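To keep things clear, I will list the structure first and then write my remarks on it.
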Amino acid sequence: MTTPHRSGGLLARMRRRRSVPRSKVRRRIGAATRLLAALVLAGGLYTAFAPAISAQDAPLSPAAMEGKALFDTSCITCHGMNAQGIEGRGPSLIGVGGASVDFQVGTGRMPLGSQNAQAVEKPPVFNEEQTRQLAQYVQELGGGPQIPEGNDLHSGGDIAAGGEIFRLNCSSCHAFGGGGGALSSGKFAPRLSDTTDRVIWGAMLSGPQNMPVFGDNQLSPDEKRDVIAYIQETLGDSNSDPGGFNLGRLGPTTEGLAVFVVGITALIFTALWIAGKS
């Protein structure tokens, strides 16, 4: 009677032993399947939402190719091979757009002459065509804001509306007369006289130095046109000062000082003249 029971127990134990490895194999296969599915899902999500890598391999336009040649000989040492920037030398240019290049290169601020507190305007190294080519290369490389075509960007602008915007957003640094002024840490806001429309538009889009960015979300293209119209028609001509001496166009400080010095001097001489006559 005991033999069948023992043989049955032995068979049950053998079955259990054989089932253990099978369950382990199943678990490993299941884990590998889940891992593979997770990797496939992650790759699909990356492909769907990450920036397309193939865009980097897109062919450049002829103008951008010329700009790349200029970039590789004049800008690569500071901004890197792919304009990704080099720490301690130059920032990344990915996403700055052609507007920043138009402003910085077109005004001679770049290539940078020396590591000062602020890039100073100087005679441009590149001509207008080369500047346009560099701007096109940076634009196609990483996108970003662009300046509209043409040199006349203020015709049709509302001068009165532009004056209100200027006094509200720009006069604190550039002064009410557009004469510029000193800022912190050795920086300064430049004069706005004899400045072209493209330079002003590029500065608003790129926000160089301490200047805030006035993109299309902050100032619409029509409002930018109004501001430029006000600057060019009212402040842009350095020889036009209907109020008399401009005193550097630095605002009420210099005007008050001039009135005080001239007024006190005139009063003193007047008092001496009266005393001498009495």
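Everything numeric here is computed off the predicted structure, so don't read it as measured data.
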Practice problem: Can you spot which of Glu140, Gln133, Arg132 makes a side chain to side chain donor-acceptor pair (under 3.5 Å) with Gln136? | Solution: Glu140
Quiz item: Rounded to the nearest 0.5 Å, what separation is found between the CD1 atom of Ile228 and the OG1 atom of Thr196?
Solution: 9.0 Å
Quiz item: Are Val105 and Val120 connected in a single hydrophobic cluster, I mean Ile/Leu/Val/Met/Phe/Trp/Tyr linked by side-chain heavy atoms less than 4.5 Å apart?
Solution: no
Practice problem: For residues Pro124 and Gly106, report the shortest heavy-atom separation together with the two atoms involved. | Solution: CG-O, 3.3 Å
Practice problem: Supply the atom-to-atom distance Thr77 OG1 to Ile86 CD1, rounded to the nearest 0.5 angstrom. | Solution: 7.0 Å
Exercise. Find out whether Gln218 and Met204 are in side-chain contact, i.e. whether some heavy atom of one side chain is under 4.5 Å from a heavy atom of the other.
Key: no
Self-check item: Contact summary for Gly207 and Val213, nearest pair of heavy atoms
Solution: CA-CG2, 3.9 Å
Quiz item: When you look at Leu141 and Ile94, which way does the side chain to side chain contact (heavy atoms under 4.5 Å, CB included) test go after all the steps?
Solution: CA-CA 7 Å; Leu141 193 64; Ile94 304 300; 3.9 Å; yes
Quiz prompt | Heavy-atom closest pair, residues Ala203 and Pro208 | solution = O-CD, 3.3 Å
Exercise. Please answer: with hydrophobic residues joined when any side-chain heavy atoms are less than 4.5 Å apart, are Phe103 and Leu205 in the same cluster?
Key: no
Quiz item: Roughly how far apart are Ser171 OG and Ile165 CD1, rounded to 0.5 Å?
Solution: 12.5 Å
Quiz item: So if you build clusters from Ile, Leu, Val, Met, Phe, Trp, Tyr with side-chain heavy-atom gaps below 4.5 Å, do Leu183 and Phe176 land together?
Solution: no
Quiz item: Ile268 and Phe260: same hydrophobic cluster, using ILVMFWY side-chain contacts below 4.5 Å?
Solution: yes
Quiz prompt | Heavy-atom check, side chain of Phe214 versus side chain of Val227, under 4.5 Å | solution = no
Practice problem: Using a cut-off of 6.0 Å, state whether more than 12 heavy atoms not belonging to Glu149 lie near its atom CD. | Solution: no
Quiz prompt | From Met211 atom CE to His174 atom NE2, the distance as rounded to the nearest 0.5 Å | solution = 5.0 Å
Quiz item: If you group Ile, Leu, Val, Met, Phe, Trp and Tyr by side-chain heavy-atom gaps below 4.5 Å, do Val199 and Tyr230 land in one group?
Solution: no
Quiz item: Closest heavy-atom contact between Phe71 and His79?
Solution: CZ-CB, 3.9 Å
Self-check item: Given Gln139, Arg198, Gln146, the one that forms side chain to side chain donor-acceptor pair (under 3.5 Å) with Asp102
Solution: Arg198
Practice problem: For residues Gly180 and Ala175, report the shortest heavy-atom separation together with the two atoms involved. | Solution: O-CB, 3.9 Å
Quiz item: Does Asn82 use its side chain to pair, donor to acceptor, with the backbone of Gln84 at less than 3.5 Å?
Solution: no
Quiz item: Any salt bridge between Lys224 and Asp216, counting N to O under 4.0 Å?
Solution: yes
Self-check item: Donor-acceptor contact below 3.5 Å, side chain Glu164 vs main chain Ala161
Solution: no
Quiz prompt | Distance in Å, Ile231 CD1 paired with Asp226 CG, rounded so as to fall on 0.5 Å steps | solution = 11.0 Å
Self-check item: Side chain proximity check, Lys68 to Asp72, heavy atoms < 4.5 angstrom
Solution: yes
Quiz prompt | Heavy-atom closest pair, residues Ser92 and Ala83 | solution = OG-O, 3.4 Å
Quiz item: Under the 3.5 angstrom rule, does the side chain of Asp158 hit a backbone N or O of Ala160 as a donor-acceptor pair?
Solution: yes
Quiz item: If you round to the nearest 0.5 Å, how far is CD of Gln232 from OG1 of Thr195?
Solution: 7.0 Å
Practice problem: For Asn210 and Ser184, run side chain to side chain contact (heavy atoms under 4.5 Å, CB included): C-alpha distance rounded to whole Å, both residues' side-chain angles, the deciding distance at 0.1 Å, then the answer. | Solution: CA-CA 9 Å; Asn210 279 14; Ser184 61; 4.1 Å; yes
Exercise. Could you tell me whether the side chain of Lys187 and the main chain of Gln118 form a donor-acceptor pair under 3.5 Å?
Key: no
Practice problem: Report the C-alpha distance between Phe188 and Gln209 in whole Å, list the side-chain angles of each, state the deciding distance to 0.1 Å, and finish with yes or no for side chain to side chain contact (heavy atoms under 4.5 Å, CB included). | Solution: CA-CA 9 Å; Phe188 60 91; Gln209 304 296 332; over 6 Å; no
Quiz item: Is Glu128 atom CD crowded by more than 12 heavy atoms from other residues, nucleotides or ligands, each under 6.0 Å away?
Solution: no
Exercise. Let me see the working for Arg225 and Trp201 under side chain to side chain contact (heavy atoms under 4.5 Å, CB included), right down to the final yes or no.
Key: CA-CA 8 Å; Arg225 195 177 303 276; Trp201 199 298; 4.2 Å; yes
